[in-house]
Amino acid sequence: MKEGNNKSTQKLNLKSLLSPQKKITYKLIAESDVKKSKGIVDLKLIKADLQQLKDPPITPWERKICANRLPFSFYNVPCTILAKNILGKILVRKLDNGIILKGKIVETESYLGIADKASHTYQGKVTPRNIPMYMLPGTIYVYITYGMYHCFNISSQEKGSAVLIRSLEPLEGIAQMRENRNDKVHSKSPKKLLKELKIHDLCNGPSKMCISMQIEKKHSKYSMCDWNGLWIEDNVIQEEMKIVECPRIGIKSAGDEWAHKPLRYYVYGHKCVSKRDKIIEAALF
DNA sequence: CCAGTGATGCACT
DNA sequence: GTGCATCACTGGC
């Protein structure tokens, strides 16, 4: 009754929300959707939210170690393309203390944006949490799920779209990864510290990977294109790689149609994948 | 190996 | 108050 103003513009279902800082109602999606807004949109606040976070200027050493970083054009492609292209690439993390962690990406999922019922941006919803999904391709989106676990995403070309990185094959900094994971487990059940995790158990799941790689919520809104803590490199070793395309995990509540779309991708036969889809795999032969 | 389940706290009806 | 884009553990094969 009161706000039927989007019928003349787009199909977007604009929802309102509260900013965490002030009680100001958002009324838009992003950049170009900013129009006349009945005075309830605080544009300055929106633009501040959409701004990429940046680190202090990088040192020559830092410039050197991330010289092989993949550029903006790698991320500026449709979501499903990025999700598949990113398989086999090397995710590199530089910790504050200088330690380098590396892993080969072996499992991803696409979240297509405003049309995708399983996406946080379904119907163009904007919240303080999901803003990174509307930002430039390559923007990092980390959120907390089930109260205690992190998921790491990278925004892609379409509005509100992002790729979820689910699993890595650990390549470098494995001792540090074990330490990170043990610390986490230790806080719950100290006995388990004695058990050494297998390499393929370090990063075979979205949250395990975040723990091993020390990827946290505060890293949201940084860009894979210029933050010197995290980037992706091409894999010089081009190995044979079959890709399995199957339904995504953990989105049952999105309804049958979207829950069944084959938007999860993983390297066939790889030990570090979080969960095989045996039905789909059987159909490959 | 696999399915079932409790934990846990934040984001948002 | 409800619902998670998960994990670690358990007990069954």
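Here is how names work: the chains are called A, B, and so on, in the same order as the sequence lines, proteins then strands, and each is numbered from 1.
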Practice item. Answer yes or no as to whether B:dA7 has its base stacked against A:Y146, where stacking requires a ring-centre separation under 5.5 angstrom and planes under 30 degrees apart. Key: no
Study note, to complete from the structure: Taking B:dC2, C:dT6, C:dA8 as options, the one with an atom nearest any side-chain atom of A:K208 is C:dA8
**Study point:** Nucleotide B:dC1, atom C1' - distance to CG of A:D277 in whole Å
**Key:** 16 Å
Review point. Taking atom P of C:dC7 as reference, at what distance in whole Å does atom CZ of A:F152 sit?
Key: 15 Å
Review point. When all nucleic acid strands are considered with a 4.0 Å heavy-atom cut-off, which category describes A:M209: base, sugar-phosphate, or nothing?
Key: nothing
Review point. Which of these nucleotides, C:dC7, B:dA11, C:dT6, is closest to any side-chain atom of A:R129?
Key: B:dA11
Check your understanding: Over how many whole Å does the gap from A:Y122 atom OH to B:dT13 atom P extend?
Key -> 14 Å
Check your understanding: Is the phosphate of C:dA8, meaning OP1 or OP2, less than 4.0 Å from a side-chain N or O of A:R181?
Key -> yes
Check your understanding: Which listed nucleotide (B:dA11, B:dC12, B:dA3) is nearest to the side chain of A:P128?
Key -> B:dC12
Review point. Across the strands shown, which category fits A:I144 at heavy-atom distances under 4.0 angstrom: base, sugar-phosphate, nothing?
Key: nothing
Practice item. Please confirm whether any donor atom in the side chain of A:Y143 sits under 3.5 Å from an acceptor in the base of C:dA5, or the reverse. Key: yes
Check your understanding: Counting only side-chain N and O atoms of A:R166, is one of them less than 4.0 Å from OP1 or OP2 of C:dT6?
Key -> yes
Practice item. Select base, sugar-phosphate, or nothing to describe what A:K217 touches, counting heavy atoms under 4.0 Å on all strands. Key: sugar-phosphate
**Study point:** A:I211 CD1 to C:dC7 P, straight-line distance once rounded to whole Å
**Key:** 8 Å
Exercise for review: For the side chain of A:T127, starting at C-beta, report the closest nucleotide among C:dC7, B:dC12, C:dA5.
Suggested key: B:dC12
Check your understanding: Just how far, in rounded Å, is P of B:dC2 from CG of A:N204?
Key -> 13 Å
**Study point:** G-U wobble or Watson-Crick pairing nucleotide for B:dC10 (cut-off 3.5 Å, both distances)
**Key:** C:dG3
Review point. Given the rule in the salt bridge (Lys or Arg N to Asp or Glu O under 4.0 Å) test, do A:D116 and A:R248 qualify, once you have shown the distances and angles that lead to the verdict?
Key: CA-CA 12 Å; A:D116 183 351; A:R248 294 171 290 185; 2.7 Å; yes
Check your understanding: With stacking defined as ring centroids separated by under 5.5 Å and planes differing by under 30°, is A:Y149 stacked against C:dC7?
Key -> no
Point to revise | Distance in angstrom units between A:Q123 CD and B:dT13 C1', rounded | key: 14 Å
Practice item. Choose from C:dC4, B:dC12, B:dA7 the nucleotide whose nearest atom is closest to any side-chain atom of A:M148. Key: B:dA7
Review point. Would you call the rings of A:W227 and A:Y222 parallel, tilted or perpendicular if under 30° counts as parallel and over 60° as perpendicular?
Key: parallel
Revision key, fill the gap. A:R248 CZ to C:dT6 C1', in whole Å, measures 16 Å
Point to revise | Flag side-chain contact, heavy atom, 4.5 Å: A:I114 against A:Q123 | key: no
Point to revise | Presence of salt bridge, A:E257 and A:K117, under 4.0 angstrom | key: no
Exercise for review: Examine the side chains of A:S161 and A:S156 and answer whether a donor and an acceptor come within less than 3.5 Å of each other.
Suggested key: yes
Review point. Quick one: is C:dC4 close enough that its OP1 or OP2 comes under 4.0 Å of any side-chain N or O from A:S253?
Key: yes
Practice item. Measure from the side-chain heavy atoms of A:K125 and tell me the nearest of B:dA7, C:dC7, B:dT13. Key: B:dT13
Check your understanding: Any side-chain N or O of A:H150 under 4.0 Å from OP1/OP2 of C:dT6?
Key -> no
Study note, to complete from the structure: Here the distance between atom P of C:dC7 and atom CG of A:L197, to the nearest Å, is 13 Å
Practice item. Run the salt-bridge test on A:K84 and A:E245 with the 4.0 Å N-O cut-off and return the result as yes or no. Key: yes
